[in-house]
Amino acid sequence: MTVSLGSGAFGVRLQVVNRTAPRRSRPASSTGYGLIGAAERAGLFGGSFDAGRDADGDWVARLSLPPGAALAAEAPRMQEAR
């Protein structure tokens, strides 16, 4: 697995590349919101999320958040603390 993280004037970008693993006979069970939840959460802050196989067959997930998204995420917590 390779994880790349960058930040700057463009905001924050995260990419995770997971080399292709042998197929399982059964799908793994899930208890979370998964890829749909990640995309919804990124969208709440004006960002984007996508995931899928690349040309080599590896699984790639990409998250991009605009500048100030972290501050927007903290705003509700700061208001609750008042």
Side-chain angles (χ1 to χ4, degrees):
M1 179 184 307
T2 304
V3 178
S4 304
L5 177 65
S7 65
F10 55 82
V12 175
R13 294 186 182 141
L14 172 68
Q15 177 173 292
V16 178
V17 179
N18 196 7
R19 301 210 56 153
T20 302
R23 299 256 182 221
R24 299 177 189 207
S25 58
R26 298 184 328 212
S29 63
S30 174
T31 59
Y33 293 99
L35 301 176
I36 293 171
E40 289 174 349
R41 286 173 179 82
L44 287 173
F45 298 102
S48 63
F49 175 84
D50 64 85
R53 299 240 180 245
D54 67 6
D56 296 325
D58 296 335
W59 186 258
V60 180
R62 293 179 195 91
L63 170 71
S64 178
L65 296 173
L71 294 175
E74 290 295 321
R77 287 190 219 163
M78 287 189 283
Q79 289 176 355
E80 290 173 6
R82 290 184 190 175

Worksheet item: How far does CG of Asn18 sit from CE of Met1, to the nearest 0.5 angstrom?
Response: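 Going from CG on Asn18 over to CE on Met1, the span is 4.5 Å.
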Worksheet item: Hey, what do you get for CG (Asp50) to CD (Gln15), rounding to the nearest 0.5 Å?
Response: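 One gets 9.0 Å once the value is rounded to the nearest 0.5 Å.
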Practice prompt. Identify the two heavy atoms, one from Pro67 and one from Ala9, that lie closest to each other, and give their separation to 0.1 Å.
Written response: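 What the structure gives for the nearest pair is CG-O, 3.0 Å.
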Worksheet item: Can you name the closest pair of heavy atoms from Leu63 and Ala42 and give their distance?
Response: CD1-CB, 3.6 Å
Worksheet item: Is there a donor-acceptor pair under 3.5 Å between the side chain of Asp54 and the backbone N or O of Asp56?
Response: yes
Practice prompt. Report the residues that fulfil side chain to side chain donor-acceptor pair (under 3.5 Å) with Arg13, sequence neighbours left out, ordered by chain and then residue number.
Written response: none
Mind checking whether [X] and [Y] sit in one hydrophobic cluster, side chains of I, L, V, M, F, W, Y counted as touching below 4.5 Å?
X: Leu65; Y: Val3; result: yes
X: Phe10; Y: Leu5; result: no
X: Leu14; Y: Val17; result: no

Worksheet item: Can you find a pair of side-chain heavy atoms, one from Val16 and one from Trp59, that are under 4.5 Å apart?
Response: no
